Amino acid sequence: MKKKMVIFSPGPANISERVRKSLLKSDICHRDIEFSCLLRDVRRLINRVCGVVSGYESVVFTGSGTAAIEACLASLKGISKRLLIISNGVYGERAFEIASINHLRVRKISFRDNVLPDLNKIELAIKKYRVDALYIVHHETTSGLLNPLKEIGGLAEKHKLLLIVDGVSSIAGEELKLKKWGVDVIIGSANKCIRGVAGLSFALLSKRFIEKIKRKHLKNSYYLALDAYLAREKKDETPFTPAVHNFYAFHEALRELLQEGADKRIAHYKKISFMIRQGLRKRGFKIYVDDKISSNTMTTILLPLGINYKWLHKKCKEKGYCLYAAMGKLKDKAFRMGVVGLINKSDIRGFFKVLDKILAERKNKL
């Protein structure tokens with residue numbers, strides 16, 4: 001039997017056999033009762049996973065997390081006079097680009113990718129630009145930084161702003177209190193911490209936000225019209241052809257997560273990320289983001305002098321461990337290790353045995 005490849009990515013990553021087998025379920029018609037029941041239950045389980053059984057409606061898209069982000073940002077046209085995007089990484093920059101392409105009145109405030117954003121500067125920007133909506137990436141996987149969503153929510157509440165959150169890589173990986181923190185929209189993906197397969201994304205919308213999009217009469221997109229998706233999915237159908245078997249896998253992944261317990265999975269992610277950071281530091285590697293502000297699922301590691309990422313990636317992959325490239329300005333200076341997949345402590349110990357051997361062989365050749 002071929003050895004399992006342990007994928008250290010922010011997703012898609014390793015999934016369980018239970019989820020994999022769900023892809024083999026019988027074909028069904030996406031306009032018939034079987035799919036309607038599946039869609040209805042997926043939407044119900046999304047709310048449970050996010051800890052909101054009332055006060056929010058979920059909507060599912062066939063498409064990656066970026067599709068759901070674009071649908072939600074485009075929906076602001078006609079309900080928001082000006083949006084402020086807080087950016088400290090590639091995904092904040094992407095959101096700004098999406099908003100600009102969709103002709104939103106948008107401003108951006110930028111911060112370094114390994115420090116928390118300055119709340120005082122954000123508040124000054126809110127006042128200066130007279131914004132009525134705020135956008136933040138909860139877990140910025142560019143670096144592995146976890147942004148202070150609770151505090152950002154406090155600012156949004158203080159200034160009566162809509163709060164839109166990219167939770168693509170934080171849902172089921174980090175603590176979330178949507179109602180308490182005043183989140184109006186949070187966007188997620190099936191294939192990150194929930195451990196489904198790539199191809200589906202979703203958003204949870206607060207009652208306040210739903211009322212706002214219902215009152216407008218502007219169609220902002222044909223394929224990604226958020227209000228159209230919500231209206232059709234409340235009738236247990238989708239506006240366009242869905243990725244039916246991906247729904248099977250997503251449904252099974254959601255059930256698996258709830259049976260495990262979201263809190264337990266979050267704790268597991270935290271433990272194995274600690275193992276990785278501790279083990280790498282013992283071997284002389286430097287971690288890019290301070291542990292106090294790091295996510296539970298992603299670590300960015302600076303490359304030691306003389307070690308090339310392509311070489312390290314190739315050597316590790318030959319032994320069954322797939323590292324993940326860094327992004328942006330860190331592309332040639334670092335690598336990343338995500339743990340959102342089905343990864344356990346034994347996998348981490350196995351990785352370090354392989355890494356020790358690779359580093360020892362390199363040292364002997366110098």
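Values in this document were obtained by computation on a predicted structure and should not be read as measured data.
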Peer 1: In terms of ring plane angle, is the pair His138 and Trp181 parallel, tilted or perpendicular, where the classes change at 30° and 60°?
Peer 2: perpendicular
Peer 1: Donor-acceptor pair, distance only, cut-off 3.5 Å: does the side chain of Asp132 make one with the backbone of Leu161?
Peer 2: no
Peer 1: Tell me, with the steps shown, if Glu318 and Lys314 meet salt bridge (Lys or Arg N to Asp or Glu O under 4.0 Å).
Peer 2: CA-CA 6 Å; Glu318 285 170 355; Lys314 179 176 180 290; 2.8 Å; yes
Peer 1: Check whether any side-chain N or O of Thr62 sits under 3.5 Å from a backbone N or O of Ala243 as a donor-acceptor pair, and report yes or no.
Peer 2: yes
Peer 1: Under the side chain to side chain donor-acceptor pair (under 3.5 Å) criterion, do Ser54 and Lys179 qualify, and how do the steps go?
Peer 2: CA-CA 10 Å; Ser54 64; Lys179 285 184 179 180; 3.2 Å; yes
Peer 1: Taking Arg208 first and then Asp184, would you say they form a salt bridge - that is, a charged N and a carboxylate O separated by under 4.0 Å?
Peer 2: yes
Peer 1: Side chains of Leu226 and Leu205: closer than 4.5 Å at any heavy-atom pair?
Peer 2: yes
Peer 1: Can you confirm whether Lys121 sits close enough to Ile109 that some side-chain heavy atom of one is under 4.5 Å from a side-chain heavy atom of the other?
Peer 2: yes
Peer 1: Ignoring hydrogens and geometry, is there a side-chain-to-backbone donor-acceptor pair from Arg195 to Ile15 under 3.5 Å?
Peer 2: no
Peer 1: Quick one: are Val185 and Val183 in side-chain contact, heavy atoms under 4.5 Å?
Peer 2: no
Peer 1: Looking at Lys214 and Asp227, is there a salt bridge between them, counting it only when a charged N and a carboxylate O are closer than 4.0 Å?
Peer 2: no
Peer 1: Taking Lys177 first and then Glu175, would you say they form a salt bridge - that is, a charged N and a carboxylate O separated by under 4.0 Å?
Peer 2: yes
Peer 1: Could Asp347 and Lys4 be called an ion pair, given the rule that one side-chain N must be under 4.0 Å from one carboxylate O?
Peer 2: yes
Peer 1: Can you check whether Val53's main-chain N or O pairs, donor with acceptor, with Asn47's side chain at less than 3.5 Å?
Peer 2: no
Peer 1: Apply side chain to side chain donor-acceptor pair (under 3.5 Å) to the pair Ser16 and Glu256, showing each step before the final yes or no.
Peer 2: CA-CA 9 Å; Ser16 70; Glu256 185 177 58; 2.8 Å; yes
Peer 1: From Phe285 CZ over to Thr299 OG1, what is the distance, rounded to the nearest 0.5 angstrom?
Peer 2: 13.0 Å
Peer 1: In Å and rounded to the nearest 0.5 Å, what is the NE2 to OG1 distance from His268 to Thr297?
Peer 2: 11.0 Å
Peer 1: For the residue pair Phe240 and Tyr229, categorise the inter-ring angle as parallel (less than 30°), tilted (30 to 60°) or perpendicular (more than 60°).
Peer 2: tilted
Peer 1: Please check this pair: side chain of Asn102 against backbone of Leu104, looking for a donor-acceptor N/O pair closer than 3.5 Å.
Peer 2: no
Peer 1: Can a side-chain donor-acceptor contact be found between His251 and Asp41 if the only test is distance below 3.5 angstrom?
Peer 2: yes
Peer 1: Is it true that Lys108 and Glu93 make a salt bridge, defined as a side-chain N closer than 4.0 Å to a carboxylate O?
Peer 2: yes
Peer 1: Stepwise, does the side chain to side chain donor-acceptor pair (under 3.5 Å) test hold for Arg336 with Thr300?
Peer 2: CA-CA 4 Å; Arg336 293 179 292 168; Thr300 296; 5.2 Å; no
Peer 1: Is Glu123 paired with Lys158 through a side-chain N to carboxylate O contact shorter than 4.0 Å?
Peer 2: yes
Peer 1: I'd like to know whether the aromatic ring centres of Phe247 and Phe35 sit less than 6.0 Å apart in this structure.
Peer 2: yes
Peer 1: Is there a chain of hydrophobic side chains (I, L, V, M, F, W, Y, each step under 4.5 Å between heavy atoms) that links Val52 to Phe250?
Peer 2: yes
Peer 1: Any non-hydrogen side-chain atom of Tyr135 less than 4.5 Å from a side-chain atom of Leu162?
Peer 2: no
Peer 1: Measuring only between side-chain heavy atoms, which start at C-beta, is Leu280 closer than 4.5 Å to Leu355?
Peer 2: yes
Peer 1: Look only at the side chain of Glu34 and the backbone of Cys29, and say whether a donor-acceptor pair between them is shorter than 3.5 Å.
Peer 2: no
Peer 1: Leu83 versus Leu73: any side-chain heavy-atom pair under 4.5 Å?
Peer 2: yes
Peer 1: Should Ile210 and Ile187 be counted in the same cluster of Ile, Leu, Val, Met, Phe, Trp and Tyr side chains packed under 4.5 Å apart?
Peer 2: yes
Peer 1: CD of Glu157: more than 12 outside heavy atoms within 6.0 angstrom?
Peer 2: no
Peer 1: Would you say the side-chain atoms of Arg94 pair up with the backbone N or O of Gly89, donor to acceptor, closer than 3.5 Å?
Peer 2: no
Peer 1: What distance separates Arg362 CZ from Ile358 CD1, expressed to the nearest 0.5 Å?
Peer 2: 11.5 Å
Peer 1: Decide if atom CZ of Arg18 counts as having more than 12 heavy atoms of other residues, nucleotides or ligands within a radius under 6.0 Å.
Peer 2: yes
Peer 1: Indicate whether any N or O donor in one side chain lies under 3.5 Å from an N or O acceptor in the other, for Ser36 and Glu237.
Peer 2: no
Peer 1: Apply side chain to side chain contact (heavy atoms under 4.5 Å, CB included) to the pair Asp113 and Lys329, showing each step before the final yes or no.
Peer 2: CA-CA 10 Å; Asp113 61 5; Lys329 68 178 185 180; 3.6 Å; yes
Peer 1: Would you call Leu330 and Phe335 a side-chain contact if the rule is heavy atoms closer than 4.5 Å?
Peer 2: no
Peer 1: Keeping Asn14 on the side-chain end and Ile7 on the backbone end, is there a donor-acceptor pair under 3.5 Å?
Peer 2: yes
Peer 1: Is Leu303 linked to Phe351 within one hydrophobic cluster, defined over Ile, Leu, Val, Met, Phe, Trp and Tyr using a side-chain heavy-atom separation of less than 4.5 Å?
Peer 2: yes
Peer 1: Does the side chain of Ser273 pick up a donor-acceptor pair with the side chain of Asn296 at under 3.5 Å?
Peer 2: no
Peer 1: Within a 6.0 Å radius of atom CD on Gln278, are there more than 12 heavy atoms belonging to other residues, nucleotides or ligands?
Peer 2: yes
Peer 1: Spell out, as yes or no, whether a donor-acceptor pair under 3.5 Å connects the side chain of Lys192 to the backbone of Gly11.
Peer 2: yes
Peer 1: Is there a donor-acceptor contact under 3.5 Å from the side chain of Ser295 to the main chain of Met298?
Peer 2: yes
Peer 1: Are any of the side-chain heavy atoms of Ile152 and Leu134 separated by less than 4.5 Å?
Peer 2: yes
Peer 1: When clusters are formed by joining ILVMFWY residues with side-chain heavy atoms under 4.5 Å apart, either directly or through shared neighbours, do Phe8 and Val197 land in the same one?
Peer 2: no
Peer 1: Side-chain heavy atoms nearer than 4.5 Å, only ILVMFWY residues, links allowed to pass through others: does that put Val289 and Phe111 together?
Peer 2: no
Peer 1: Mind checking whether Tyr248 and His245 have parallel, tilted or perpendicular rings, split at 30° and 60°?
Peer 2: perpendicular
